[in-house]
Amino acid sequence: MIEATLLQQTCFAVEQLYGGVINPDSIGLERTNKEITGDFTIVVFPMLKISRKSPESTATDIGDYLQRNMPEIAEFNVIKGFLNLILSDHYWINFLYENVDLPDFGFHGDRHERPVVLEYSSPNTNKPLHLGHIRNNLLGFSLAEILKANGHKVVRVNLVNDRGIHICKSMLAYMKWGNGETPGSTGMKGDHFIGKYYVLFNTYYKKEVNDLMGTGLSAEEAERQAPLMAEAQDILRKWEAKDSEITVLWKRMNGWAYHGFDLTYKRMGVDFDHIYYESETYLLGKELVMEGLNNGALIRKTDGSIWADLSDEGLDEKLLLRADGTSVYMTQDIGTAQLRYDDYNPSSMIYVVGNEQNYHFDVLKRVLARLGKDYSSHIHHLSYGMVELPQGKMKSREGTVVDADDLMDEMLRTAEATTRELGKANELSEDEAIKLFNTIGLGALKYFILKVDPKKNMLFDPLESIDFNGNTGPFIQYTYARIQSLLARADEAGWRWEESGASVQLPLLPLEKETIKRLYQFREIVFQAGKELSPAIVANYVFDLAKVFNQFYQELPVLKEEVPEKVILRIGISRFTGTIIQRSMKLLGIEAPERM
RNA sequence: GGCCCUGUAGUUCAAUGGAUAGAACGGAAGUUUCCUAAACUUUAAAUCCAGGUUCGAUUCCUGGUGGGGCUACCA
């Protein structure tokens with residue numbers, strides 16, 4: 001890329017003009033601001049100590065040098081300490097023609113031996129997926145695409161929380177009040193069916209706690225002594241003892257939940273290469289904990305429970321095995337990490353998990369390190385922010401959870417209504433129309449979620465958040481569809497721009513050049529998104545590209561232009577823009593429709 | 001109490017330590033005999049406060065302050 005050459009030549013310039021050596025990393029090379037003439041800008045302030053001249057004359061000296069030594073540079077201007085370089089139109093047009101049809105422009109081929117294991121989704125089998133899971137799934141799926149584009153092998157894994165006290169709660173509720181009904185007999189989606197019993201447990205449990213508190217117990221004691229909780233814990237012990245009746249019910253209920261999840265995943269367009277179940281990893285976790293106890297890394301308390309003492313690292317003690325021998329969340333995660341490492345020998349393991357678990361992952365890494373696991377330093381917690389509703393955080397107890405299936409239904413309905421209103425569904429078959437509504441509705445939702453920096457909390461207002469105009473998925477999809485339509489017309493009109501792409505001597509108009517410059521950025525964007533693990537970088541880029549293209553499209557005729565060379569050029573720009581929009585959207589897991 | 005994250009137009013989001021802080025929605029005013037008006041054009045509107053480092057701070061540091069999270073023998 002031209003940036004590397006610019007940096008290198010700038011170093012030469014400083015050396016030859018002033019006799020000093022400068023570190024290329026300390027040179028500020030950036031894209032020139034919109035209001036100022038130029039393509040790239042070099043900030044010369046850091047060089048003043050070597051040049052011992054004013055910012056202006058230093059910039060002018062270096063500009064002269066670069067222009068003499070780089071044919072790509074047509075001219076330059078200097079504003080204070082900013083050296084603005086203008087590349088020749090020839091350079092940009094040449095870039096366009098050389099890359100427009102490369103099938104992998106912007107992507108880097110395989111260049112890493114060991115894979116990255118990327119975990120996302122991680123549902124509980126006792127409740128359906130909600131808005132928070134949607135952010136998690138979309139981030140995880142998109143990150144996998146972005147990492148692949150950067151030449152990584154990626155193993156996408158899901159870790160299902162299929163054991164633990166919470167599962168026992170729904171099982172208990174079903175045993176008590178289920179009357180043998182099933183998702184089939186009730187017509188409910190399996191995960192929602194299970195969720196119903198989890199809620200039921202909590203309803204009765206809360207009542208018991210209240211009654212006990214009425215007899216004078218403290219809230220804490222009441223919660224511990226409530227009979228339902230004791231029964232649930234009994235089930236957990238039976239489960240760990242592989243009681244046959246409990247195991248059968250557990251498998252049956254989990255099966256219902258998985259079936260429900262699969263439907264939601266499929267609709268959302270996300271999938272996995274491997275699914276881990278905590279029921280398969282907690283025993284390994286226990287083993288590792290016992291091993292750690294034996295070699296003195298962990299401690300046993302008088303009641304028999306086992307802990308990691310992290311107080312010398314500024315943290316507290318952390319429970320790893322209960323006195324009754326049952327395991328906790330941390331135990332499972334230790335086992336899961338080990339299993340994953342053994343399975344794939346990854347260069348790193350990325351966990352897409354909400355920021356409320358920052359402390360958990362901090363502890364996990366430290367405990368693994370104490371257990372002598374070197375890979376602990378290659379565990380990366382991609383901590384994303386919460387999705388908040390206008391009334392605050394989602395709380396299942398207060399019924400303010402936005403269900404994933406409901407939300408997608410709603411998106412689909414809105415997409416349909418808007419599309420029909422605009423009369424854009426008229427010429428489509430029913431199947432095509434439904435496919436289009438899905439593409440647009442999901443595109444809007446996905447883009448809305450992914451355009452926000454993952455680490456930030458974001459606000460989602462179900463009533464207002466999803467718009468189809470402006471900085472939205474449908475805006476970008478529309479731009480793509482319009483380009484496809486244009487290209488089809490170009491084809492019909494007999495334009496074969498590929499065969500006549502030699503007209504690289506044309507002067508470029510500002511909007512033509514602006515669009516090509518955006519396309520040029522794509523490689524850097526893919527790289528940056530991979531480095532920072534941020535789909536938002538791609539999302540904001542592709543919006544910017546679409547916006548600039550729309551200006552180009554609005555202002556300049558393509559097929560109606562009179563000079564044939566210009567028609568060819570503009571078709572090339574449109575074609576490349578369409579390709580990069582599609583490629584960017586694919587990195588986000590969003591479809592770009594051929595027409596809309 | 002301790003620890004972590006965060007504070008940018010009315011609202012939702014941008015800005016590797018760089019130039020006059022960008023968009024979108026919403027508000028005001030326009031563009032359709034012409035490649036899809038889910039588009040385009042014009043316009044008003046913001047860096048929580050106080051210090052510090054720097055040629056230059058929304059960005060880095062310190063203190064304060066608002067918001068969120070964690071600090072479970074839940075996951």
Side-chain angles (χ1 to χ4, degrees), chain A residues 28-30 32-36 41 43 45-46 48 55 79-82 84 122 124 126 161 163-167 169 224 233 278 301 303 305-307 314-316 318-324 326-330 332-333 354-360 362 383 385-386 388 392-393 415 418-419 421-422 424 440 444 448 451-453 455-461 464-465 467-479 481-490 493 528 531-532 536-537 539-540 543-544 546-547 550-551 553-561 570-571 574 595-596:
Chain A
L29 173 66
E30 49 204 66
T32 305
N33 285 8
K34 195 165 75 180
E35 305 80 11
I36 292 158
T41 295
V43 185
F45 288 110
L48 299 184
I79 303 173
K80 292 185 282 184
F82 300 95
N84 303 308
S122 318
N124 282 333
N126 62 341
N161 285 302
R163 65 161 299 280
I165 188 74
H166 57 296
I167 309 289
K169 292 176 183 176
R224 202 171 299 150
Q233 273 161 351
E278 289 191 345
K301 293 209 172 175
D303 67 355
S305 56
I306 300 175
W307 300 68
L315 298 174
D316 293 328
K318 182 73 193 178
L319 177 84
L320 299 178
L321 273 183
R322 294 189 185 100
D324 67 3
T326 55
S327 58
V328 293
Y329 181 38
M330 189 61 76
Q332 297 161 183
D333 257 9
N355 62 14
E356 59 201 346
Q357 294 195 36
N358 285 355
Y359 183 73
H360 172 80
D362 192 15
S383 159
M386 299 288 98
E388 285 165 10
K393 207 192 167 192
T418 309
T419 306
E421 204 174 298
L422 291 168
K424 303 220 178 199
I440 295 171
F448 183 86
K451 74 177 177 184
V452 181
D453 185 341
K455 66 175 186 286
K456 290 193 175 178
N457 285 2
M458 63 176 295
L459 187 112
F460 186 89
D461 184 341
E464 292 178 14
S465 281
D467 204 332
F468 290 178
N469 301 318
N471 188 356
T472 66
F475 170 93
I476 298 160
Q477 291 173 322
Y478 175 70
T479 307
R482 219 159 51 159
I483 289 171
Q484 297 317 300
S485 162
L486 178 74
L487 294 178
R489 282 173 188 271
Q528 206 191 337
K531 199 173 100 189
E532 298 183 23
I537 291 170
N540 287 308
F543 170 67
D544 184 51
K547 187 159 177 57
N550 278 337
Q551 289 166 4
Y553 180 89
Q554 192 84 17
E555 295 296 321
L556 303 174
V558 177
L559 302 178
K560 297 181 192 307
E561 163 62 41
R570 289 175 192 170
I571 290 175
S574 304
R595 54 186 293 189
M596 70 182 270

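Residue numbers start from 1 in every chain, and the chains themselves are labelled A, B, ... in the order their sequence lines are given, proteins ahead of strands.
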At 4.0 Å (heavy atoms only), tell me whether M386(A) reaches a base, stays on the sugar-phosphate, or touches nothing.
nothing
Students often get this wrong, so: under 4.0 angstrom with heavy atoms, is K547(A) touching a base, only sugar-phosphate, or nothing?
sugar-phosphate
For a quick check of understanding: with a heavy-atom distance under 4.0 Å over all strands, which category does I36(A) fall into, base, sugar-phosphate or nothing?
base
T472(A) and D467(A): side chain donor to acceptor below 3.5 Å:
no
If I pick the C1' atom on U33(B) and the same atom on U16(B), what distance separates them, to the nearest angstrom?
50 Å
Which value, in whole Å, describes the distance between the P atoms of nucleotides A46(B) and U58(B)?
15 Å
Kindly say whether, by distance alone, the side chain of K455(A) makes a donor-acceptor pair under 3.5 Å with the base of U6(B)?
no
S305(A) (side chain) donor-acceptor with K301(A) (main chain) under 3.5 angstrom:
no
Between G51(B) and C13(B), how far apart are the two P atoms, rounded to whole Å?
30 Å
Expressed as a whole number of Å, how far does the P atom of U12(B) sit from that of U53(B)?
35 Å
With centres under 5.5 Å and planes under 30° as the test, does F45(A) stack with G18(B)?
yes
Students often get this wrong, so: under 4.0 angstrom with heavy atoms, is Y359(A) touching a base, only sugar-phosphate, or nothing?
sugar-phosphate
Between the side chain of R570(A) and the main-chain N/O of P557(A), is any donor-acceptor distance below 3.5 Å?
yes
Within the structure shown, what part of the strands sits under 4.0 Å from Q357(A) by heavy-atom distance: base, sugar-phosphate, or nothing?
base
Please give, in whole Å, the distance from G26(B) C1' to D461(A) CG?
13 Å
Protein-nucleotide distance (F543(A), atom CZ; C40(B), atom P), rounded to Å:
8 Å
So A481(A), base contact, sugar-phosphate only, or nothing? Heavy-atom distance under 4.0 Å.
base
Determine the Euclidean distance between corresponding C1' atoms of C49(B) and A15(B); express it in Å to zero decimal places.
22 Å
Would you please indicate if the ring centroids of F460(A) and F448(A) are separated by under 6.0 Å?
yes
